[in-house]
Amino acid sequence: MNRRSFVQTLGAGAVGLSAFESTTLFARGLAQAPAAASVPLAPSLTNLIRIGSNENPYGPAPSAIQAVTMASPGANRYPGPLTQKLVTTIADKHKVPVEQVLLSGGSGDILAAVVTAFTGKTKALVTGLPSYEAPVRTAKDVGAPLKEIPLTSELRLDLPKMTAAAAGAGLVYICNPNNPTATAVSASAVTATIEAVVTASPATYILVDEAYFEYSDLPGFDTAVPLVAKYPNVIVARTFSKIHGMAGMRVGYAIAQPKTLEAIRAFHSNSGLSSMSLAAATASLEDKAHMAEQAVMNREVRAMTVAAFEKAGYTVAPSDANFIFVDIKRDTRRFADSCRKAGVAVGRAFPPLTNYARISIGTKAEMEKAIPVFMQVLGAPPNATAYFHTMDDLPTELT
Ligand SMILES: Cc1ncc(COP(=O)(O)O)c(C=O)c1O
C-alpha cells in the first residue's frame, strides 16, 4: 500500500497494515486523523513501492498531523512563538541551552553550511567511503581536498584511520549510523575519535550526523551531544525526515556552541520554517510513545527483510537504521533497474561498493510485495520465496 492510499483508507480502516501496525496506529487515534487533500499523485508514483530514499513509510505521527491542522488557521501570523517553542523543546530534550540550537529547513542545509564554513582549498574534508555523499558534493563546490577513508571489513566507519587523516583537515564527517551502509559505531568510539582529533589537530571541526539515531540498537550507541559542552569543534546534526516521518516538512537542526553556530550561520540559508512544520516537529518530539513504536515496527520489518536475503544466501551489513545494505553479488544498477520495472524503487549504486543494494524498510505489506521481486530479480532458488508469496500471488503491477 502506498502512502497516499494509506492516508485515504484512514477513515475506513488501515487495509494493508499488519495487525501490529493497525493496532498500534489505531490505538493512537490515527483513524480519526483529518482526511488528506485530494491532490492526485502521478500514476507512476501511486503504484511504485518507494524504498529508495530511506523515508519513513508510515508518515508523520497523528499528533504531528493534528498540530499541522491546529497551526494552519494561524498561518497569517509570522511563526516567532512556534519557532521559540520548537527551539525550547529541542534544548530540553538534549539538555542544552537554547543558544546551542540552530533550526534548519532539513539537516541537509546544516551539512552544507558546516562544510562550507570549515573546509576550504587547504582544509580537507575527512569522511568515510562510502558515506553520505552530500558533504562531499559541498566540499567539491568549495574546492576542498577530500580524504575519503574506506570502511572496515564490517562496513563501519574506520574511526582510527579517519583520526589519522584528520591532522590539518578542516572537518571530519562522522555519519552515525552511516548512510548507505546502515552500520553504527559506539559512543565511546566517537568520543575517543573526537578527543584524539581535537588534541592532535585543534583547528579541525567534527560533524556528527545522527539522522538515523533513533533506529540504532547497537550496544553502547549514544548521541555525541554531551560532547558539545566541552568541545567548540563539535557539531551534531539531527533531522525530522526519518523516524519522525516528516521529510516533506523539511525540519532539521544543529547542536553546537554559540560561536560555532555563528560561523555556520554565515553560510546557512537561515530561511525560517513554516508554522505548520514547527508545530508538527514540536508535537512529534513530545510524542515519545509514537517514536518508540516507529523503531519497533522498523525493527520487525527489517528483521523479516534481512532473513529473506540471508535465507537466499546474501550477506547483509548489520543494520542500525531504517534501511539495509545487501551484498547482492552483482552490479546494483542493473538490479535497481529491474526492480524499478517491477514496481519497486531501491537505492542507487554507492561506489566503490557497487555490488551492494541499499534497500529502505517500507511497511510490512510493502516488503511482502518487494521481497519476492528481489528474489525473482536475483534469480534465487524457489525456496527463498517460500517465506512470503509465490510469484503468482503478486499484484499485476509487480509482475
Ligand atoms: C545521513 C543523512 N544526513 C542528512 C540527510 C538529509 O536529511 P534532510 O535534509 O531531509 O533533513 C540525509 C537524508 O537522507 C541522510 O541520509
Side-chain angles (χ1 to χ4, degrees), residues 49-59 106-108 111 127-135 151-152 154-159 173-187 189-190 207-224 236-247 252 284 290-310 314-328 332 336 345-350 353 356-364 366-367 370-371 374:
I49 294 179
R50 297 167 72 182
I51 47 176
S53 302
N54 300 346
E55 294 157 339
N56 180 328
Y58 303 103
S107 65
L111 306 190
T127 184
L129 184 67
S131 189
Y132 189 49
E133 276 186 12
L151 305 184
T152 65
E154 269 195 312
L155 300 184
R156 296 184 202 277
L157 292 176
D158 193 333
L159 294 178
Y173 174 64
I174 298 176
C175 187
N176 193 31
N178 187 45
N179 182 4
T181 54
T183 51
V185 287
S186 69
V190 173
L207 169 60
V208 186
D209 183 347
E210 298 182 342
Y212 301 96
F213 179 84
E214 297 86 352
Y215 290 114
S216 177
D217 298 318
L218 183 80
F221 181 84
D222 211 341
T223 178
V236 178
R238 288 284 184 103
T239 180
F240 284 80
S241 299
K242 308 301 174 183
I243 196 131
H244 293 277
M246 291 173 42
S284 194
H290 181 82
M291 291 306 109
E293 285 165 8
Q294 295 291 299
V296 169
M297 287 193 284
N298 178 69
R299 193 178 300 128
E300 180 198 7
V301 183
R302 183 177 66 195
M304 177 186 94
T305 312
V306 169
F309 277 108
E310 289 182 345
Y314 297 96
T315 307
V316 183
S319 172
D320 280 285
N322 64 342
F323 57 94
I324 57 172
F325 202 54
V326 189
D327 182 357
I328 55 169
T332 203
V346 300
R348 59 184 175 78
F350 293 93
L353 302 180
Y356 283 75
R358 193 195 67 186
I359 297 167
S360 312
I361 303 302
T363 63
K364 190 170 185 196
E366 285 175 329
M367 299 317 282
I371 289 166
F374 300 148

Novice: Can a donor-acceptor pair be found, under 3.5 Å and without considering hydrogens, that links the side chain of D320 to the backbone of P177?
Specialist: no
Novice: I'd like to know whether N178 forms a side chain to side chain donor-acceptor pair (under 3.5 Å) with S131, so could you lay out the CA-CA distance, the side-chain angles of the two residues, the decisive distance to 0.1 Å, and finally the verdict.
Specialist: CA-CA 6 Å; N178 187 45; S131 189; 2.6 Å; yes
Novice: Say you draw a straight line from CZ of R50 to CD of E366; how long is it, rounded to the nearest 0.5 Å?
Specialist: 10.0 Å
Novice: Which class fits the ring pair F350 and F325: parallel under 30°, tilted 30 to 60°, perpendicular over 60°?
Specialist: perpendicular
Novice: Take D222 and F213, measure what side-chain contact (heavy atoms from CB on, under 4.5 Å) needs, and give me the verdict at the end.
Specialist: CA-CA 8 Å; D222 211 341; F213 179 84; 4.1 Å; yes
Novice: Between R358 and N54, is there a side-chain heavy-atom distance shorter than 4.5 Å?
Specialist: yes
Novice: Between K242 and E210, does at least one N-O distance fall below 4.0 Å, as a salt bridge requires?
Specialist: no
Novice: Measure the shortest side-chain to side-chain distance between T363 and Y58 over non-hydrogen atoms and say whether it is less than 4.5 angstrom.
Specialist: yes
Novice: Is there side-chain contact between N179 and D209, with heavy atoms separated by less than 4.5 Å?
Specialist: no
Novice: Atom OG1 of T183 and atom CD1 of I324: how far apart are they, to the nearest 0.5 Å?
Specialist: 13.5 Å
Novice: Any side-chain heavy atom of M291 within less than 4.5 Å of one from S284?
Specialist: yes
Novice: Where is the tightest heavy-atom contact between S186 and P219, given as atom of each residue plus distance?
Specialist: CB-O, 4.4 Å
Novice: Return the CD1 to OG1 distance between I359 and T305, rounded to the nearest 0.5 Å.
Specialist: 8.0 Å
Novice: Looking at side-chain heavy atoms only, is the closest gap between F221 and N176 below 4.5 Å?
Specialist: yes
Novice: Identify the heavy atoms of T239 and S107 that sit nearest to each other, and give their distance.
Specialist: CB-OG, 3.5 Å
Novice: For a 4.5 angstrom cut-off between non-hydrogen side-chain atoms, does M367 reach M304?
Specialist: yes
Novice: Given side chain to side chain donor-acceptor pair (under 3.5 Å), test T152 with D158 step by step and report yes or no.
Specialist: CA-CA 5 Å; T152 65; D158 193 333; over 6 Å; no
Novice: Closest approach of P130 and L353, non-hydrogen atoms and distance?
Specialist: CD-CD1, 3.6 Å
Novice: Over all heavy atoms of both residues, which pair between Y215 and A321 is shortest? Give the atoms and the distance, please.
Specialist: CB-CA, 3.6 Å
Novice: Could you pull out the closest heavy-atom pair between A237 and L207, with the gap in Å?
Specialist: CB-CD1, 4.1 Å
Novice: Within this structure, what is the CD1-CZ distance for the pair I51 and F374, rounded to the nearest 0.5 Å?
Specialist: 4.0 Å
Novice: Looking at every non-hydrogen atom in both residues, tell me the closest pair between R156 and V185 and how far apart they are.
Specialist: CB-CG1, 4.2 Å
Novice: Can you tell me how far the CG atom of L151 sits from the CG atom of L159, to the nearest 0.5 Å?
Specialist: 10.0 Å
Novice: Checking side-chain contact (heavy atoms from CB on, under 4.5 Å) for the pair Y212/N322: CA distance, chi angles, key distance, verdict?
Specialist: CA-CA 7 Å; Y212 301 96; N322 64 342; 3.2 Å; yes
Novice: Between atom CG of N298 and atom CD1 of I243, what is the distance when rounded to the nearest 0.5 Å?
Specialist: 7.0 Å
